[in-house]
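What follows is a short report on a single structure.
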2 protein chains.
Amino acid sequence: MTGDRRKFRREGADQRKEALVRATLSLIAEEGVRGATVRAIAERAEVTQGLIRHYFSTKEELVLAAYTQHMNAMTDQTFAGAEGATAKARLAALVVASVTPPVVDPAAIGLWAGFLNHVRQNARMQEVHARTYHDFRDRLEALIAEVLREDGRAIDAGACRRLAIACNAVIDGLWLEGGALPEAFEEGELATIVVQSVGAILGLNLTDVEARQ
Amino acid sequence: MTGDRRKFRREGADQRKEALVRATLSLIAEEGVRGATVRAIAERAEVTQGLIRHYFSTKEELVLAAYTQHMNAMTDQTFAGAEGATAKARLAALVVASVTPPVVDPAAIGLWAGFLNHVRQNARMQEVHARTYHDFRDRLEALIAEVLREDGRAIDAGACRRLAIACNAVIDGLWLEGGALPEAFEEGELATIVVQSVGAILGLNLTDVEARQ
DNA sequence: CGAGTAATTATGCAAGCGTATAATTGAACG
DNA sequence: CGTTCAATTATACGCTTGCATAATTACTCG
């Protein structure tokens with residue numbers, strides 16, 4: 001007589017956790033952290049809300065896990081395409097990949113916006129952000145140093161760090177714009193702009209290696 | 001025996017509305033639209049929640065009013081400093097103002113993030129956004145056209161529009177970065193970067209007129 | 001194939017949400 | 001100085017929220 005109880009399949013912890021994280025991210029991208037309610041997340045992951053508590057002691061815990069996973073995925077995705085024979089070619093490829101799908105993506109901007117204020121007010125989220133951000137910037141800085149060395153230029157460590165920060169800012173900024181206003185740019189336009197801008201900052205011409213994709 | 005009722009002062013509609021809008025904006029900057037609850041807004045504006053209903057038929061109405069006011073204020077603020085003898089000087093001043101306080105401001109980024117998803121999902125908010133965005137870009141495009149004419153360059157209307165979009169993107173992107181990571185840049189560093197980047201896009205040197213402030 | 005147990009569902013609770021409406025009161029006016 | 005009325009407060013309602021806990025059920029293992 002209690003036959004109206006919902007049927008279910010047992011799954012491994014990792015699979016369930018990942019499904020919950022995925023549902024959380026897609027909801028945060030649309031509605032922000034506050035809009036990603038426990039009930040909505042459960043529905044999207046096709047489980048009932050009680051199960052969330054079984055894997056994450058609190059909503060905050062789930063949000064933190066989702067943020068960590070997302071930030072790592074973004075960094076990996078960006079560096080995935082950064083290949084080439086010369087350092088200059090690798091830098092150009094990295095820079096172009098940063099402003100090209102799938103890295104540039106309206107949903108990713110929604111996530112960025114949805115997380116921003118939450119990160120600002122939460123020490124543990126800040127830690128994740130700082131770690132990911134510095135990791136990216138350090139790798140970018142190393143690549144820039146290599147490019148300048150390749151080009152036979154003198155490299156002061158402090159100056160190199162400042163160049164990396166500036167390039168990172170331009171890349172991030174254009175990434176945001178590209179995702180926020182996808183219709184504002186023609187195919188490849190953002191790539192041209194970012195290559196020009198980073199080239200201008202570093203004082204070298206990146207356009208000659210760009211015709212690789 | 002009912003003496004514990006809260007004392008209050010009657011105020012003009014405009015003043016009260018503005019106070020409510022200000023409270024709304026500061027809360028959205030911190031907590032997003034969902035986090036800016038009617039009760040919290042009322043508390044910050046030092047009134048009781050019922051009064052909000054008296055001036056705005058719905059929370060959505062208040063949020064829309066706040067968004068409109070904020071967007072207009074941002075545009076005005078940016079163009080306020082764009083003065084100079086030559087068009088080139090005005091462009092340089094505008095570009096620098098865009099990445100300098102008070103236009104660049106962590107709270108403004110919080111607002112941007114807080115509003116983003118809400119704008120995406122609300123037609124009336126989208127309309128306000130489009131109007132403000134195109135207004136800004138049109139003024140920027142006119143200024144760029146003037147600069148190129150001043151420089152004796154041929155100006156195709158379509159090309160000019162694309163240049164404006166690109167410059168706008170760089171400006172917006174750096175504006176976002178400057179506000180999101182205020183400690184990442186030294187004094188004037190963002191100004192240098194944006195002047196270089198916009199100069200690179202337009203194919204001219206803006207740095208020579210920059211030493212004006 | 002039957003028992004055990006971890007995964008999952010179901011239900012409940014206190015607090016907070018936006019909105020509606022009734023009750024008060026500050027200030028302008030004759 | 002009493003009247004009047006819009007500005008303001010107070011209260012309440014139905015719904016949603018995050019979290020807790022009890023009841024079930026799908027697999028595993030002997």
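Every heavy atom of this structure was used, including side-chain atoms; hydrogens, water molecules and symmetry mates were not.
Looking at Arg16(B), its side chain has no donor and acceptor atom pair within 3.5 Å of the base of dA7(D).
Remark: the backbone N or O of Val21(B) is not paired with any side-chain donor or acceptor of Gln69(B) at under 3.5 angstrom.
Across the interface with DNA chain C, nearest-nucleotide mapping of Val33(B) and Arg10(B) shows Val33(B) to be the residue nearer the 5′ end. Residue order along DNA chain C, read from the 5' end via each residue's closest nucleotide, puts Gly35(B) first among Arg9(B) and Gly35(B). Residue-to-nucleotide proximity on DNA chain D shows that, of Ala13(B) and Arg34(B), the 5′-proximal contact is made by Ala13(B).
Remark: the Ser26(A) side chain and the Arg44(A) side chain contain an N/O donor-acceptor pair separated by less than 3.5 Å.
Atom C1' of nucleotide dT21(C) and atom CZ of Arg53(B) are separated by 9 Å, given to the nearest angstrom. When rounded to the nearest whole Å, the span between CD1 of Ile52(A) and P of dT11(C) equals 18 Å. The distance from atom CG of Leu20(A) to atom P of dT8(C) is 9 Å, rounded to the nearest whole Å.
Salt bridge status for Glu141(B) with Arg139(B): absent, with no side-chain N to carboxylate O gap under 4.0 Å. Glu146(A) has no carboxylate O lying under 4.0 Å from a charged side-chain N of Lys88(A), or vice versa, which leaves the two without a salt bridge.
You'll find that the side chain of Thr37(A) is closest to dT17(D), out of dT9(D), dT8(C), dT17(D). Checked against dT8(D), dG18(D), dT8(C), the side chain of Phe8(B) finds its nearest nucleotide in dT8(D). For His54(B), the side-chain atoms get nearest to dA7(D) when compared with the rest of dA7(D), dC19(D), dG26(C).
Here the rule is side chain to side chain contact (heavy atoms under 4.5 Å, CB included) with Leu91(B), and of Val195(B), Val96(B), Val147(B) only Val147(B) fits it. For the pairing with Val95(A), the side chain to side chain contact (heavy atoms under 4.5 Å, CB included) check across Val194(A), Thr100(A), Leu143(A) returns one residue only, Val194(A).
Remark: Tyr55(A) is in phosphate contact with dT8(C), judged by side-chain N or O atoms under 4.0 Å from OP1 or OP2.
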Enumerate all atom pairs, one protein N or O and one N or O from nucleotides 10-12 of chain D, separated by less than 3.5 Å.
unit_1  : atom_1 : unit_2  : atom_2 : d
dA10(D) : OP1    : Arg6(B) : N      : 2.9

